[in-house]
Amino acid sequence: MVAKSTHWADLTADKIVREKGEKDVYVCASGITPSGTVHIGNFREIISVELVVRALKEKGLNAKFIYSWDEYDVFRKVPANMPEQEKLAQFLRQPITLVPDVLGNEESYARANEKRLEALLPLVGVFPEYIYQASEYRSGRYAQGMRTALEKKDTIRAILDEHRTQPLSADWMPVSVFCTKCHRDTTKVENWDGEWHVEYSCASCGNKESLDLRETGAVKLPWRIDWPMRWKEEGVDFEPAGKDHHSEGGSFDTAEMVVEKIFDGTPPVSFQYDFIRIKGRGGKISSSSGEVVSLPDVLEVYQPEVVRYMFAGTRPNTEFAISFDLDVLKIYEDYDKCERAFYNKPDSEKALKKWEKQARIYELSQVDRPEESMPYQIQIRHLCNLLQIQSGDIDKVIENLGDVEEDQIPRFRQRAECAWAWVQTFAPEDFRFSIKTSDDPLIEVSAAEASALSMLADAVKAKMDILDEKEFSTNIYAAAEENGLESGDFFPVVYRALIGKEKGPRLASFLYSIGSARVFELISRYSA
RNA sequence: GGGCCGCUAGCUCAGCUGGUAGAGCAACGCCCUUUUAAGGCGUGGGUCACAGGUUCGAAUCCUGUGCGGCUCACCA
């Protein structure tokens, strides 16, 4: 099935093999600057690479997933969502690896941002090999790359100038230096000796010195040169990039030329991925502007499989929204439908083609492998109701359902936690309720309404546990009619008595979910 | 200005390595003696933006046009 899959991850894997030829290992790369909270848009790149890596592996090929943390990048701007703004501001222009962690006790601001993501990725089935750029630069690993860039700086300049409005200045150098005294990049490279030594002066502290590229670690390449240098250094075969890079004159474009002309390498296979919108949760996605929606925020409401499903089921170059409003329910329903389809392979040739696409999406959505038999399914909407009935007590919900197998509980619990988090944080007011207790004051009712409730209470006690939902529901109508009430007027009364609202979940099944004893306890109070 | 993406049923979109147009919602009808945007069955509805081209055959590939969006040209 994998062989003829038309899923984008499989097609990309095919393309990598086609363009890069047979290799012992295919290097797939991703990476970002941890200059702020890593947001869900960044995650799209990570998961995209993961899916392609998995596709390669499932073809029996060897693939390596490297993730570069560029924490040797400059700290340019204090993100608005961070505390201690003034303290952070003191470290502007220094590499972010030297900026202190203001949220916890990590060794640095960069490391803190990195750790938060690294800790979560295994939950969604992503296991990259991390590369830390500060360490790499400091180790001298890139010394030769920098020297090469210096040797060919005029060629680089020509490439970059092609798309610049202002050409690079005559004394431009393809490297930048972090002052060894004040750590800022407010430096100017004054001279290069044609070999390993670079002289600079610092505008902030006035420091002047000569550094040996092989030993210093304080010199680095600017992004547009750094990226292709690393392609060559790591032998990158595949790396996707956002639309901001994939544009003529964008950094991918110039990096392609730089890797070929300067570093004697070939650019990786790539594709462009589009941005992600956030729906139903005010706030932007950018790490530099205020509120940030990050992977942990999404995992609070969506199970890991469902998170993967959203990304695996959408082509990378398509923009889509991650919703926190009622669409959450729709996404879960779609996922469940896809899951049912996976475990229900059709016979007819025609249906099979459609099925294969869905099935592939399902496979790729799994954190590990699909289970042997279909996981326990519960409609998310129903689950939300059950949780509210039990005030969020997941064990009670499982107990009342009675048919959740032991090995199905972990996944069920995960979904329940997400559902409960959603109900409490994002569900619209209409959707939420809590069952009254017998300590709550009675609602105001007319004599006829009290009588009807009383009659319903008797029916609940006598028949609810004997009859099924549908059979029992006639008792609701009977209670209304016999007391001269329109059923349409009586329903709100029952909802008010139970949850203090005019409306609620479909009544008959709602009563059964609550259980006869609890219902009786609440509505028998209206008996004369 | 360059590049990229989109334009498919009233709405949101799927279908895109070519083979007689799909889903959900909305609408309409019937059923379940009405309920958080409840459920079931059924019906109607599209010259797949437009114009050319390739092909036995194009929503799907190519070229051009129009409309919408994003992005680059400072940094990364």
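Protein chains get the first letters and strands the later ones, always in sequence-line order, with residue 1 at the start of each.
Between A:Phe75 and A:Phe91, a ring centre-to-centre spacing not shorter than 6.0 Å is recorded. The distance between the ring centers of A:Phe433 and A:Tyr495 does not fall below 6.0 angstrom.
The number of heavy-atom neighbours closer than 6.0 Å to NZ of A:Lys345, taken from other residues, nucleotides and ligands shown, is 12 or below.
Look at the C1' atom in both B:A23 and B:U33: the space between them is 32 Å, to the nearest Å. Taking atom C1' on both B:C4 and B:G22, the two are 28 Å apart, rounded to the nearest angstrom. Between the P atoms of B:G24 and B:G40, the separation comes to 10 Å (whole Å). For the C1' atom pair drawn from B:U20 and B:A51, the interatomic distance equals 25 Å after rounding to whole Å. For the C1' atoms, the distance from B:G18 to B:A59 is 10 Å, rounded to whole Å. To the nearest whole angstrom, the two P atoms, one in B:U47 and one in B:U8, are 12 Å apart. Separating the P atom of B:C32 from that of B:G45 is a span of 28 Å, rounded to the nearest Å. Comparing B:U65 with B:C28, their P atoms are spaced 44 Å from each other, to the whole Å.
A salt bridge links A:Glu114 with A:Arg111: the closest approach of a Lys/Arg side-chain nitrogen to an acidic carboxylate oxygen falls below 4.0 angstrom. Using a 4.0 Å cut-off between a side-chain N of Lys or Arg and a carboxylate O of Asp or Glu, A:Asp336 and A:Arg415 qualify as a salt bridge. A salt bridge links A:Asp154 to A:Arg157: at least one charged side-chain nitrogen sits closer than 4.0 Å to a carboxylate oxygen.
Pair assignment for B:C7 gives B:G66, based on Watson-Crick or G-U wobble hydrogen-bonding distances that are each under 3.5 Å. Under the Watson-Crick or G-U wobble criterion, with both distances below 3.5 Å, B:G18 has no partner in any strand shown. For B:C28, the paired nucleotide is B:G42, the pair qualifying as Watson-Crick or G-U wobble because both relevant distances are below 3.5 Å. Both distances falling under 3.5 Å, in either a Watson-Crick or a G-U wobble arrangement, occur for no nucleotide opposite B:A76. Pairing partner, B:U54: none, since no Watson-Crick or wobble contact has both distances short of 3.5 Å.
Ring geometry, A:Tyr343 versus A:Tyr362: the interplanar angle exceeds 60°, so the pair is classed perpendicular (tilted spans 30 to 60°).
Residue contacts for A:Thr165: at a heavy-atom cut-off of 4.0 Å it reaches the sugar-phosphate backbone alone, with no base atom in range. Within the 4.0 angstrom heavy-atom criterion, no nucleotide atom of any strand lies near A:Lys501. Within 4.0 Å of A:Pro222, counting heavy atoms only, lie sugar-phosphate atoms of the nucleic acid but no base atom. No contact: A:Glu502 has no heavy atom under 4.0 Å from any strand. Within the 4.0 angstrom heavy-atom criterion, only backbone atoms of the sugar-phosphate kind lie near A:Asp73; the bases stay farther away. Across all strands, A:His246 comes closer than 4.0 Å to no nucleic acid atom at all (heavy-atom distances).
Taking atom CZ on A:Phe75 and atom P on B:A76, their separation rounds to 16 Å, with Å as the unit. Rounding to whole angstrom units, CH2 of residue A:Trp8 and P of B:C16 are separated by 15 Å. The CG atom of A:Leu329 sits 15 Å away from the C1' atom of B:C25 (whole-angstrom rounding). Between the C1' atom of B:G3 and the CD atom of A:Glu256 lies a distance of 13 Å, rounded to the nearest Å. Between A:Ile225 atom CD1 and B:C75 atom C1' the separation is 13 Å, expressed in whole Å. Whole-Å rounding puts the A:Ile361 CD1 to B:C13 C1' distance at 14 Å. When rounded to the nearest whole Å, the span between CD1 of A:Ile32 and P of B:A76 equals 16 Å. Rounded to whole angstrom, the span from the CD atom of A:Glu319 across to the P atom of B:U71 amounts to 9 Å.
With A:Tyr142 as the aromatic partner, A:Lys220 does not meet the cation-pi criteria of under 6.0 angstrom to the ring centre and within 45 degrees of the ring axis.
Which of B:A37, B:A76, B:U71 sits closest to the side chain of A:Arg76 comes down to B:A76. The side chain of A:Asp244 lies closest to B:C72, out of B:C72, B:U33, B:C70. Closest contact between the side chain of A:Lys330 and the listed nucleotides B:G24, B:G3, B:A37 involves B:G24.
At the phosphate of B:A14, neither OP1 nor OP2 sits under 4.0 Å from any side-chain N or O atom of A:Lys337. Checking the phosphate oxygens (OP1, OP2) of B:C75, a side-chain nitrogen or oxygen of A:Arg164 falls inside 4.0 Å. Considering only side-chain N and O atoms, A:Lys357 lies nowhere under 4.0 angstrom from the phosphate OP1 or OP2 of B:G22. Look at A:Arg315 and you'll find a side-chain N or O under 4.0 angstrom from OP1 or OP2 of B:G15. Between A:Arg224 and B:A73 there is a side-chain polar atom (N or O) within less than 4.0 angstrom of OP1 or OP2.
Take the nearest nucleotide of RNA chain B for A:Glu248 and for A:Pro492: the residue whose nucleotide is more 5' is A:Glu248.
Under 3.5 Å, the side chain of A:Ser247 and the base of B:G2 form at least one donor-acceptor pair of N or O atoms.
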